[in-house]
Amino acid sequence: GGQVTRSPKPEIGWFNIELTEEGRRDPLFQGLPSRLEVYQWHGDMCVPPKDGAALHLATAERCPMQAFRYGANAYGLQFHAEITGQSIDEWSREYAADKADERAAMLARYKEIKGDFHRYGRMLCDNFVKIMQGEAA
């Protein structure tokens, strides 16, 4: 019952997302700050079904639907929590082949924040495992 639509503005590179009130309470984001800098690579966004089973968990200026939970344990994330420097390099090679400054800036920012970024990514994964194992609050 949901749909995929064009995002109000494409996001390619590093952008901030904000957890909603529901997101701050959701076990997936337990222990994470309410504002996160994440890597994006999309021009579309998912809109969950409007049947009352979905909770909007994170938002951003350019793309308002950054994360949602559907039912008890199905999650949709718009951003890439799994990204590495190698992935950024490979993805941006074609996209930013004629935009060397943009590509260099994406990689430089990754190097600056990779410690926190990977720590938060591991927390998301660990939290999801706890949810699936029935251990999350």
Can you confirm whether [X] sits close enough to [Y] that some side-chain heavy atom of one is under 4.5 Å from a side-chain heavy atom of the other?
| X | Y | value |
| --- | --- | --- |
| Tyr70 | Asp51 | yes |
| Arg103 | Asp89 | yes |
| Met45 | Pro64 | yes |
| Met65 | Pro48 | yes |

*Check the pair Glu90 / Arg93 against salt bridge (Lys or Arg N to Asp or Glu O under 4.0 Å), numbers first and verdict last.*
CA-CA 5 Å; Glu90 290 171 359; Arg93 203 172 292 210; over 6 Å; no
For [X] and [Y], indicate whether the former's side chain and the latter's backbone hold a donor-acceptor pair under 3.5 Å.
| X | Y | value |
| --- | --- | --- |
| Ser7 | Pro10 | no |
| Asp44 | Val4 | no |
| His56 | Ala58 | yes |

Between [atom1] of [X] and [atom2] of [Y], what distance do you get to the nearest 0.5 Å?
| X | Y | atom1 | atom2 | value |
| --- | --- | --- | --- | --- |
| Gln66 | Glu11 | CD | CD | 5.0 Å |
| Ile12 | Trp41 | CD1 | CH2 | 5.0 Å |
| Lys114 | Leu107 | NZ | CG | 11.0 Å |
| Gln78 | Cys46 | CD | SG | 6.0 Å |
| Tyr120 | Phe29 | OH | CZ | 13.0 Å |
| Leu36 | Phe117 | CG | CZ | 9.5 Å |

*Please step through side-chain contact (heavy atoms from CB on, under 4.5 Å) for the pair Trp14 and Ile83, ending with a clear verdict.*
CA-CA 11 Å; Trp14 295 97; Ile83 203 77; 4.3 Å; yes
*Run the side-chain contact (heavy atoms from CB on, under 4.5 Å) check on Asp26 and Arg69 step by step: do they pass?*
CA-CA 9 Å; Asp26 196 272; Arg69 185 182 81 216; 2.4 Å; yes
Give the cluster check for [X] versus [Y]: same hydrophobic cluster or not, with ILVMFWY residues linked at side-chain heavy-atom distances below 4.5 Å.
| X | Y | answer |
| --- | --- | --- |
| Phe68 | Phe79 | no |
| Tyr75 | Val47 | no |
| Leu124 | Leu55 | yes |

_Short N-O contact, Lys130 and Asp126, less than 4.0 angstrom_ = no
*Would you indicate whether Glu61, at its atom CD, is surrounded by more than 12 heavy atoms from other residues, nucleotides or ligands within a distance under 6.0 Å?*
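No - once you tally the heavy atoms of other residues, nucleotides and ligands closer than 6.0 Å, there are 12 at most.
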_Let's go through Val38 and His80 carefully: what are the C-alpha distance in whole Å and the side-chain angles of both, what is the deciding distance for side-chain contact (heavy atoms from CB on, under 4.5 Å) to 0.1 Å, and is it a yes or a no?_
CA-CA 7 Å; Val38 297; His80 292 275; over 6 Å; no
*Name the one of Gln40, His42, Arg6, Lys9 that satisfies side chain to side chain contact (heavy atoms under 4.5 Å, CB included) with Cys63?*
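Result for side chain to side chain contact (heavy atoms under 4.5 Å, CB included) with Cys63: His42.
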*Parallel, tilted or perpendicular: which describes the rings of Tyr39 and Trp91, with under 30° parallel and over 60° perpendicular?*
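Ring orientation of Tyr39 relative to Trp91: tilted.
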_ring-ring contact (aromatic ring centres under 6.0 Å, His included) evaluation trace for Tyr110 with His118_ = CA-CA 10 Å; Tyr110 170 77; His118 286 292; 5.6 Å; yes
